[in-house]
Amino acid sequence: MSRRVVSPLDPPKGTDAYERIYDVVRAIPEGRVATYGQVAALAGLKGHARQVGYALHALDDDDVPWQRVVNAKGEISARSDPGSEPLQRVMLEDEGVVFDERGRISLSRFRWDP
DNA sequence: GGTCTGACTAGGT
DNA sequence: AACCTAGCCAGAC
C-alpha cells in the first residue's frame with residue numbers, strides 16, 4: 001500500500017488499522033458515500049472517526065476511492081489542503097452523487113448501506 | 001509525560 | 001437548521 005507521509009498525520013506504520021480502513025473504503029460502491037464514523041465502525045475501529053480522516057489524509061493511492069467518504073452532515077470536510085475539496089465534489093458528481101445548493105449530499109439517498 | 005492538533009461526532013441551545 | 005461544547009484518540013515535539 002502506498003502512502004504519502006505528511007506530518008503530523010503520519011500513519012502508524014506498525015499497525016494494520018489503516019489497511020483495514022482502506023479495505024472498507026474500497027468496498028464503497030460507485031455513486032454511494034459513507035461517513036467517517038461509519039467507515040471506522042466497519043473497520044472495527046468504532047469511535048475512531050478521526051483516525052479515518054487521518055488515514056485518508058495520509059493516503060496516496062489511486063486504488064482507494066477516498067472521495068466517497070464524507071462527514072456526518074453529508075458535506076465534504078475541510079482539510080489542510082483545500083485544493084482537494086472541489087476535486088472530491090467533482091469526482092462524486094461524476095459518479096452521479098447530487099449536491100444541494102449548500103454543497104451537501106442527502107445521506108438518506110446516497111449513504112452506503114452494506 | 002504534558003500539550004497541542006486535526007479529512008470527526010453526538011448532544012444541547 | 002445553525003452554532004457551540006465536550007468527548008474523542010493517535011502522533012508529533
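Every heavy atom of this structure was used, including side-chain atoms; hydrogens, water molecules and symmetry mates were not.
The backbone N or O of A/Arg32 sits nowhere less than 3.5 Å from a side-chain atom of A/Arg68 that would complete a donor-acceptor pair.
In this structure, NE2 of A/His57 is placed 19 Å from P of C/dA10, rounded to the nearest angstrom. Going from atom CD1 of A/Ile21 over to atom P of C/dC9 covers 14 Å, rounded to whole Å. When the C1' atom of B/dA7 is taken as reference, atom OH of A/Tyr18 falls 11 Å away, rounded to whole Å. When rounded to the nearest whole Å, the span between OH of A/Tyr36 and C1' of B/dT9 equals 13 Å. When the C1' atom of B/dA10 is taken as reference, atom NZ of A/Lys73 falls 11 Å away, rounded to whole Å. Atom P of nucleotide C/dA1 and atom CZ of A/Arg102 are separated by 7 Å, given to the nearest angstrom. A/Glu101 places its CD atom 15 Å from the C1' atom of C/dA2, with the value rounded to the nearest Å. Atom CG of A/Leu45 is separated from atom P of C/dA10 by 10 Å (rounded to the nearest Å).
Contact annotation: the side chain of A/Pro114 approaches that of A/Gln38 to within less than 4.5 Å [non-hydrogen atoms, C-beta and beyond]. The shortest distance between side-chain heavy atoms of A/Arg109 and A/Val98 falls below 4.5 Å. By the 4.5 Å heavy-atom criterion applied to side chains, A/Val70 and A/Gln88 are counted as neighbours. The shortest distance between side-chain heavy atoms of A/Ile28 and A/Val69 falls below 4.5 Å. Proximity of A/Tyr36 to A/His48: side-chain heavy atoms (C-beta onward) are nowhere separated by under 4.5 Å.
Here the closest non-hydrogen pair linking A/Glu95 and A/Gly31 is OE1-N, 2.9 Å. Contact record, A/Ser80 with A/Pro82: O-CD, 3.0 Å, taken as the closest heavy-atom pair.
A/Ala40 comes within 4.0 angstrom of nothing in the nucleic acid, heavy atoms only. Residue contacts shown for A/Gly47 are absent, as no nucleic acid heavy atom lies under 4.0 Å away.
For A/Gln51, the listed nucleotide lying nearest its side chain is C/dA10; candidates were B/dA7, C/dA10, B/dA10. If you check C/dC8, C/dA10, B/dT9 against the side chain of A/Arg50, the one that comes closest is C/dC8. When distances are taken from the side chain of A/Arg79 to each of B/dA7, C/dA1, B/dT9, the shortest belongs to B/dA7.
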Please lay out, stage by stage, how A/Phe110 and A/Leu92 fare under the test side-chain contact (heavy atoms from CB on, under 4.5 Å).
CA-CA 11 Å; A/Phe110 294 104; A/Leu92 286 175; over 6 Å; no

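A heavy-atom distance below 4.0 Å to DNA chain B is reached by none of the residues of residues 104-114 of chain A. Against DNA chain C, the stretch residues 82-99 of chain A makes no heavy-atom approach under 4.0 Å.
Between B/dA7 and C/dC13, the distance separating the two C1' atoms is 23 Å to the nearest Å. For the P atom pair drawn from B/dG11 and C/dC9, the interatomic distance equals 16 Å after rounding to whole Å.
OP1 or OP2 of B/dA7 lies within a sub-4.0 Å distance of a side-chain N or O belonging to A/Ser80.
Put simply, A/Val39 and A/Val64 are part of the same group of oily side chains (I, L, V, M, F, W, Y) that touch within less than 4.5 Å, one to the next.
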